[in-house]
Peer 1: 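Let me give you the structure first, and then I'll get to my questions.
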Amino acid sequence: MRVLEAACVAAAGADTRLSLLSPGAVAVARGRIVEVNTCEHLRTRFPAAERLPLGDAILLPGFVNAHQHGRGLSQIQLGYPDDALEPWIARRRGRGAPDAYALTRLAAAQMVANGVTTTLHANYSYATGDYERELRGAIRAYDEAGMRATLCVGYADQGGLIYPPADEDAFRHTLPPAAQALLNSARPAYLPLADTLVLMARLLEDYGGHPRLTFAYGPAGPQWVSDAAWRALAQDAARRGIGLHFHLLESPAQAQAARTLYPDGVLAHLEALGVFAAQASAAHFAQATPADIAAAARLGLTIVANPGSNMRLYNGPPAIAAWRAAGLAVAVGTDNCAVDDTEDYLRELRFGALLARGTEASGTRSEAARMLAMGTTAGAEAAFQTGTGRIAPGLKADLVALDLARIRGAYLDADADLLDAVMARGCGADVALTMVDGEIIYRRGESAEAFGASATARAARSAGPGTSEASEAIATALRRHYADRPS
């Protein structure tokens, strides 16, 4: 038994609404929250418990980064700048495959240092030709970090170069020989469909009962996955009781393809394929129309906003205010492409919350609580995680303590709402402690970058000779291809 004592605890009341207990304490045992009460009460109730005084700190539910890819080094660090999504992806073809374990271990260390206790690792492949090895490296990284993670088994079987229904062969023939050679040398990013289903079965057997690791399918997105594959993955997910997480209407080019491929609406098309027989969540949605938003609300689809990524990759601001108005649950993920090129989750969450304000002031004092919910309860829903995202008896002891000294600053009015101040001024540097399942996995002063040496060394030599020019040629051709197509 351990009792954490803090200046304030953001606890969930009986009706799940947030209640600030100041000062407050949380008793945890065997990975669960036992009781939330005053410090005096818990000292009396559990006299033999280990006390952990946190001083002038606020205890919050651990944050949930509901969409990221385990990239511990950003694209800026790896040498290719922000661009429109499709040419940006193409530029990665000019790099070799870094160590998936090393980069994910670094990403995990960065997240826990920023108060993230749970994450969803979306589909991602470095196209080594051994996808299972890459994925198992990522699994090992999250497990070693002590995080709670939902790992998506990725899949894609079309549109890897240009989106259908465009003729990929014709497009390839417009490219210079070096670019064609680079494409011809590419190894498969994912496994065939049958092997993907077998891999999921193997992972569930290997990690069944693991206290922190959960699995889901990660079909890359509508334009990247055939109808037959959608049906098969959704059927298997529903049968196994696992989730589906995918990219949805991220870029203008994807929206353009969707209008052609799915004239009745992309979500209606996925619904007809049986996709929503399983739990589902989708990332981005930046190019959604009012009809798409209405369909998502009807289906109960949880949306993960990626505000920094959407702005940096020229996809426009996510319409979070409109999503909320339609009744959608909205979570936030960094996409490893946050607005300030770090994994500072609080700053990314704040950016999303500002976009969620729209132009009409609510006239209520609930903004801070709604912002926190985007980063906790909604995130847990998007990541298919239960029993986390709130501080209440019986739930998992996933907690983050923020030091209030810098947040209070030189002065904080006695009438100021403390949660307002935390959500408006807090950042990753304020994280004093991160706990998952009652175990402390980060204390302030520990360096996330300590895990970066092998990732850095590998990344530094990941560019093959002549490939940068070839990938740039592909990126230029893609930019021209999508610009020339009717909107």
Side-chain angles (χ1 to χ4, degrees), residues 65-72 75 85-86 88-90 92-93 97-98 100-101 103-104 107-108 119-139 141-142 149-161 163 186-200 202-204 213-226 229-234 236-237 240 242-251 254 266 270 275 278-285 301-304 306 309 313 331 333-337 382-384:
N65 188 341
H67 180 87
Q68 58 85 42
H69 299 278
R71 297 191 301 257
Q75 60 264 30
L85 178 69
E86 290 73 23
W88 180 80
I89 291 172
R92 297 206 305 254
R93 295 177 184 271
Y101 161 77
L103 260 67
T104 306
T119 192
L120 182 142
H121 179 97
N123 69 290
Y124 203 73
S125 172
Y126 292 104
T128 61
D130 191 346
Y131 175 64
E132 181 172 353
R133 184 173 181 274
E134 293 178 40
L135 186 58
R136 286 186 180 271
I139 293 168
Y142 293 119
T150 298
L151 291 114
C152 294
V153 176
Y155 184 79
D157 61 359
Q158 65 181 28
L161 180 56
Y163 301 143
R187 287 170 289 195
Y190 297 105
L191 297 171
L193 179 59
D195 294 337
T196 299
L197 301 176
V198 170
L199 173 58
M200 177 61 82
R202 194 158 53 238
L203 291 172
L204 292 174
L213 299 179
T214 300
F215 293 88
Y217 279 117
Q223 69 286 339
W224 284 310
V225 177
S226 66
W230 276 111
R231 286 193 190 94
L233 294 171
D236 199 56
R240 296 184 181 280
I242 60 176
L244 287 159
H245 178 81
F246 51 93
H247 298 75
L248 180 64
L249 297 171
E250 179 177 0
S251 72
Q254 289 180 11
V266 60
L270 294 179
V275 167
Q279 289 179 279
S281 62
H284 297 296
F285 211 44
L301 183 63
T302 300
I303 299 297
V304 184
N306 307 101
S309 173
L313 301 182
T334 65
D335 204 26
N336 303 123
C337 187
F384 317 115

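Quick note: residue numbers are just sequence positions, from 1.
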Peer 1: Without swapping roles, check the side chain of Ser281 against the backbone of Ala382 for a donor-acceptor pair under 3.5 Å.
Peer 2: yes

Peer 1: Using modelled atom types and a 3.5 Å cut-off, is there a donor and acceptor pairing between side-chain atoms of Ser125 and backbone atoms of Ala127?
Peer 2: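 Answer holds: yes.
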
Peer 1: Do Ile139 and Leu135 make a side-chain contact, defined as non-hydrogen atoms from C-beta onward lying under 4.5 Å apart?
Peer 2: yes

Peer 1: Hey, do the aromatic rings of Phe215 and Tyr217 have their centres closer than 6.0 Å?
Peer 2: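 No: the rings miss the under 6.0 Å criterion.
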
Peer 1: Let me see the working for Tyr142 and Thr119 under side-chain contact (heavy atoms from CB on, under 4.5 Å), right down to the final yes or no.
Peer 2: CA-CA 9 Å; Tyr142 293 119; Thr119 192; 3.8 Å; yes

Peer 1: Check Gly333 against Asn65 and note the closest heavy-atom contact, atom names and distance.
Peer 2: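 Taking Gly333 first and Asn65 second, the nearest heavy atoms are CA-OD1, 3.2 Å.
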
Peer 1: Measure across His247 and Ala220 and return the closest heavy-atom pair with its distance rounded to 0.1 Å.
Peer 2: ND1-O, 2.9 Å

Peer 1: What I'd like to find out is whether the side chain of Ile242 reaches to under 4.5 Å of the side chain of Met200, using heavy atoms alone.
Peer 2: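 They are in contact (side-chain heavy atoms under 4.5 Å apart), so the answer is yes.
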
Peer 1: May I ask you to check whether Tyr190 and Tyr155 place their ring centers less than 6.0 Å from one another?
Peer 2: no

Peer 1: Report the C-alpha separation of Tyr126 and Leu103 in whole Å, then their side-chain angles, then the decisive distance to 0.1 Å, and conclude whether the side-chain contact (heavy atoms from CB on, under 4.5 Å) test is met.
Peer 2: CA-CA 11 Å; Tyr126 292 104; Leu103 260 67; 3.5 Å; yes

Peer 1: Just by distance, with hydrogens left out, do Thr128 and Glu134 show a side-chain donor and acceptor under 3.5 Å apart?
Peer 2: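 There is such a pair between these side chains.
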
Peer 1: State, to 0.1 Å, how close Leu213 and Leu151 come at their nearest heavy-atom pair, and which atoms those are.
Peer 2: CD2-CD1, 4.0 Å

Peer 1: Which heavy atom of Val225 sits nearest a heavy atom of Gln158, and at what distance?
Peer 2: O-NE2, 3.5 Å

Peer 1: Indicate yes or no: at least one non-hydrogen side-chain atom of Phe246 is less than 4.5 angstrom from one of Leu270.
Peer 2: yes

Peer 1: Got more than 12 heavy atoms from elsewhere within 6.0 Å of CZ, Arg133?
Peer 2: no

Peer 1: Answer yes or no: is there a donor N or O on one side and an acceptor on the other, between the side chain of Gln254 and the main chain of Leu248, under 3.5 Å?
Peer 2: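 No, the answer is negative, given that no donor and acceptor are paired below the 3.5 Å cut-off.
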
Peer 1: Determine whether Tyr163 and Trp224 make a side-chain contact, defined as any pair of heavy atoms from C-beta on separated by less than 4.5 Å.
Peer 2: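 Yes, at least one pair of side-chain atoms sits under 4.5 Å.
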
Peer 1: Ignoring hydrogens, what is the shortest heavy-atom contact between Ala237 and Leu244? Give both atom names and the distance.
Peer 2: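 Closest pair (atom of Ala237, atom of Leu244, distance): CB-CG, 4.1 Å.
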
Peer 1: For the side chain of Asn336 and the backbone of Arg71, is there at least one donor-acceptor N/O pair under 3.5 Å apart?
Peer 2: yes

Peer 1: Mark yes or no for whether Asp157, through its side chain, and Ala229, through its backbone, hold a donor-acceptor pair below 3.5 Å.
Peer 2: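 Not a single qualifying donor-acceptor pair exists.
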
Peer 1: Let's go through His284 and Asn306 carefully: what are the C-alpha distance in whole Å and the side-chain angles of both, what is the deciding distance for side-chain hydrogen bond (donor to acceptor under 3.5 Å, both in side chains) to 0.1 Å, and is it a yes or a no?
Peer 2: CA-CA 6 Å; His284 297 296; Asn306 307 101; 3.2 Å; yes

Peer 1: Tell me, do Trp230 and Pro219 make a side-chain contact under 4.5 Å, heavy atoms counted?
Peer 2: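 Yes, their side chains come closer than 4.5 Å.
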
Peer 1: What verdict does the side-chain contact (heavy atoms from CB on, under 4.5 Å) test give for His245 and Val304, after you've listed the backbone C-alpha separation in whole Å, the side-chain angles of each residue and the deciding distance to 0.1 Å?
Peer 2: CA-CA 10 Å; His245 178 81; Val304 184; 4.0 Å; yes

Peer 1: Which of these, Asn123, Asp335, Thr104, sits in a side-chain hydrogen bond (donor to acceptor under 3.5 Å, both in side chains) with His69?
Peer 2: Asp335

Peer 1: For a 4.5 angstrom cut-off between non-hydrogen side-chain atoms, does Arg136 reach Leu203?
Peer 2: yes

Peer 1: Does any non-hydrogen side-chain atom of Leu313 lie less than 4.5 Å from one of Ser251?
Peer 2: no

Peer 1: Determine whether Phe285 and Leu301 satisfy the following criterion, side-chain contact (heavy atoms from CB on, under 4.5 Å), listing intermediate values before the conclusion.
Peer 2: CA-CA 11 Å; Phe285 211 44; Leu301 183 63; 5.6 Å; no

Peer 1: I want to check something: taking the side chain as every heavy atom from C-beta on, are Glu250 and Leu85 in contact at a cut-off of under 4.5 Å?
Peer 2: yes

